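Presented below is the structure to which this report refers.
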Amino acid sequence: MSSASDRAGALLTIDLDAIAANWRALKRRLVAGADCAAAVKADAYGLGAARVAPALYAAGCRRFFLATIDEAIALRPLVADDAALIVLGGPLPGTSGDFLEHRLWPVLNTPQQVRQWAAVTGPVPPCVIHVDTGMSRLGLASAEIAGLADSIACLRPALVMSHLACSEDASDPMNAAQLGAFAAARMRLPGGGASLANSGGIFLGADYHFDLVRPGAALYGLAPCAEAVPLLRQVVALQGRILQVRDVDSPQTVGYGATHRIRRKGRLATVAAGYADGYLRSLGNRGHGIVGGIRVPVVGRISMDLITFDVTEVPEPLVRPGAFVDLIGPGQTVDDLAAEAGTIGYEILTSLGPRYHRSYVGGPA
Ligand SMILES: *Cc1c(COP(=O)(O)O)cnc(C)c1O
């Protein structure tokens with residue numbers, strides 16, 4: 001019998017030690033007294049929260065941010081009790097009991113959520129107050145804070161948080177404006193810790209660190225700015241298997257829509273991954289793979305299950321059915337691939353498909 005990796009069209013390798021090393025590297029950059037949490041929402045940006053969160057816990061991380069209640073419920077049995085699981089979306093109507101049962105921390109984003117949580121009786125987990133300072137997405141508006149000051153004081157929130165809109169561009173005046181708005185909101189709210197920075201915010205400097213930073217992207221090897229590049233290890237490798245190699249010696253076209261025309265003698269390799277796997281269609285005639293250190297261009301459109309590369313420049317023994325093209329790896333980071341696709345690394349990671357054969361390296365013993 002074959003193994004699952006023998007049968008898979010592409011192999012996805014996730015380095016848990018690199019994630020832990022990135023967490024430590026970010027934590028070392030923080031101002032004294034600040035702690036580092038981890039955003040593990042969306043299944044740890046597609047990399048598998050069930051493996052990533054325990055690896056981060058082993059590295060010392062004790063606070064984890066999730067988007068939804070069900071993400072946090074799923075993670076609860078996989079990390080020790082002293083790990084705070086913080087739900088960014090907050091309590092939906094009728095769900096306060098789930099927060100109590102699973103000892104989840106709600107982020108309270110709206111006056112309704114503050115009132116809902118204030119009505120909960122008995123011993124309750126800590127909560128987080130989210131104030132909006134410029135995202136206009138979640139969080140209390142400045143004008144809403146006054147009317148809620150008493151309820152919020154009774155809740156004694158563990159943290160007051162806000163979220164930066166432009167943290168990847170240190171020169172954007174939005175950063176200082178949000179920092180000012182956050183400081184003003186904190187003056188009107190009870191004490192407790194404060195948290196403002198995502199990955200990019202960490203690199204804006206000590207003023208942005210407060211008590212807790214909440215990186216996601218940088219843990220997974222995505223660099224919010226040039227300064228972060230040498231600090232971060234790459235986490236993901238993706239190898240696509242060659243199904244067919246074709247020598248071309250007469251003019252012909254490649255793929256749907258016949259968008260690429262071959263005019264010279266050459267060689268094509270067809271790889272078993274496609275847009276159904278999250279190899280984005282925008283990479284058609286734009287993306288690259290790497291074989292034996294040589295960059296090979298995507299030719300033609302990306303199909304649902306197949307990608308065609310022009311491998312004319314690669315020595316023949318390296319391109320044969322069953323061999324691999326590196327789609328993500330040392331020579332091509334997730335950020336590089338995202339740039340070619342016209343998107344951000346976040347979308348590349350969260351699109352990594354279920355057909356890839358996944359293996360994890362490193363992690364807690
Ligand atoms: C996703 C998210 C983060 C992490 O952001 P990165 O840019 O991935 O570091 C932090 N805070 C909030 C509120 C988020 O939604």
Side-chain angles (χ1 to χ4, degrees), residues 19 22-27 29-30 34-47 49 52-53 56 61 63-69 71-72 75 84-90 104-110 113 127-140 157-170 172 174-175 178-179 181-182 185 193-204 208-225 227-229 231-232 235-236 333-335 338 343-352:
I19 295 175
N22 289 341
W23 185 83
R24 283 190 226 99
L26 294 170
K27 188 167 159 79
R29 278 191 67 95
L30 302 181
D35 194 12
C36 192
V40 294
K41 62 195 182 187
D43 203 24
Y45 292 38
L47 301 184
V52 168
L56 287 167
C61 183
R63 285 180 274 190
F64 298 88
F65 285 85
L66 299 124
T68 70
I69 303 168
E71 287 179 348
L75 188 55
L85 305 186
I86 307 169
V87 179
L88 288 162
L104 312 178
W105 297 25
V107 174
L108 306 177
N109 296 295
T110 65
Q113 290 187 338
C127 67
V128 178
I129 297 290
H130 188 177
V131 296
D132 179 49
T133 56
M135 279 292 276
S136 309
R137 200 175 63 164
L138 293 175
L140 299 171
L159 280 175
V160 174
M161 65 169 272
S162 192
H163 192 47
L164 296 166
C166 304
S167 67
E168 296 183 1
D169 180 0
D172 197 308
M174 190 73 184
N175 295 314
Q178 287 194 264
L179 184 64
F182 187 55
S195 177
L196 179 61
N198 65 337
S199 297
I202 293 171
F203 294 88
L204 294 176
Y208 289 80
H209 295 171
F210 294 94
D211 301 296
L212 185 71
V213 300
R214 317 181 300 269
L219 299 176
Y220 311 120
L222 308 181
C225 56
E227 194 189 344
V229 173
L231 204 73
L232 300 175
V235 168
V236 169
T333 66
V334 177
D335 284 328
T343 183
I344 55 176
Y346 299 63
E347 191 176 28
I348 298 288
L349 290 184
T350 56
S351 300
L352 291 168

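All of these numbers come straight from a predicted model, not from anything done at the bench. Atoms within a ligand are numbered from 1 in the order they appear, just like the ligands themselves.
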Distance alone, cut at 3.5 Å: any donor-acceptor contact between the side chains of H163 and R214?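 Yes, because at least one side-chain N or O of H163 sits under 3.5 Å from a partner of the opposite role on R214.
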
Residues two or more places apart in sequence or in another chain: which of them pass ring-ring contact (aromatic ring centres under 6.0 Å, His included) with F203?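 ring-ring contact (aromatic ring centres under 6.0 Å, His included) list for F203, sorted by chain: empty.
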
Amino acids in close contact with ligand 1, where any non-hydrogen atom sits under 4.0 angstrom away: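 Protein residues near ligand 1 are A39, K41, Y45, L88, R137, M161, H163, N198, S199, R214, P215, G216, A217, Y346.
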
List in chain and number order the residues that pass side-chain contact (heavy atoms from CB on, under 4.5 Å) with T110, two or more places apart in sequence or in another chain; answer none if no residue qualifies.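 Once residues adjacent in sequence are excluded, the partners of T110 under the side-chain contact (heavy atoms from CB on, under 4.5 Å) criterion are Q112, Q113.
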
Which residues share a side-chain contact (heavy atoms from CB on, under 4.5 Å) with A49, sequence neighbours left out: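 Partners of A49 by the side-chain contact (heavy atoms from CB on, under 4.5 Å) criterion, ordered by chain and then number, come out as D43, A44.
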
Least distance between heavy atoms, F65 atom then A37 atom: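 Heavy-atom minimum between the residues: CE1-CB, 3.6 Å.
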
Do you know the tightest heavy-atom contact between R29 and L231?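 It is CD-CD2, 3.4 Å.
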
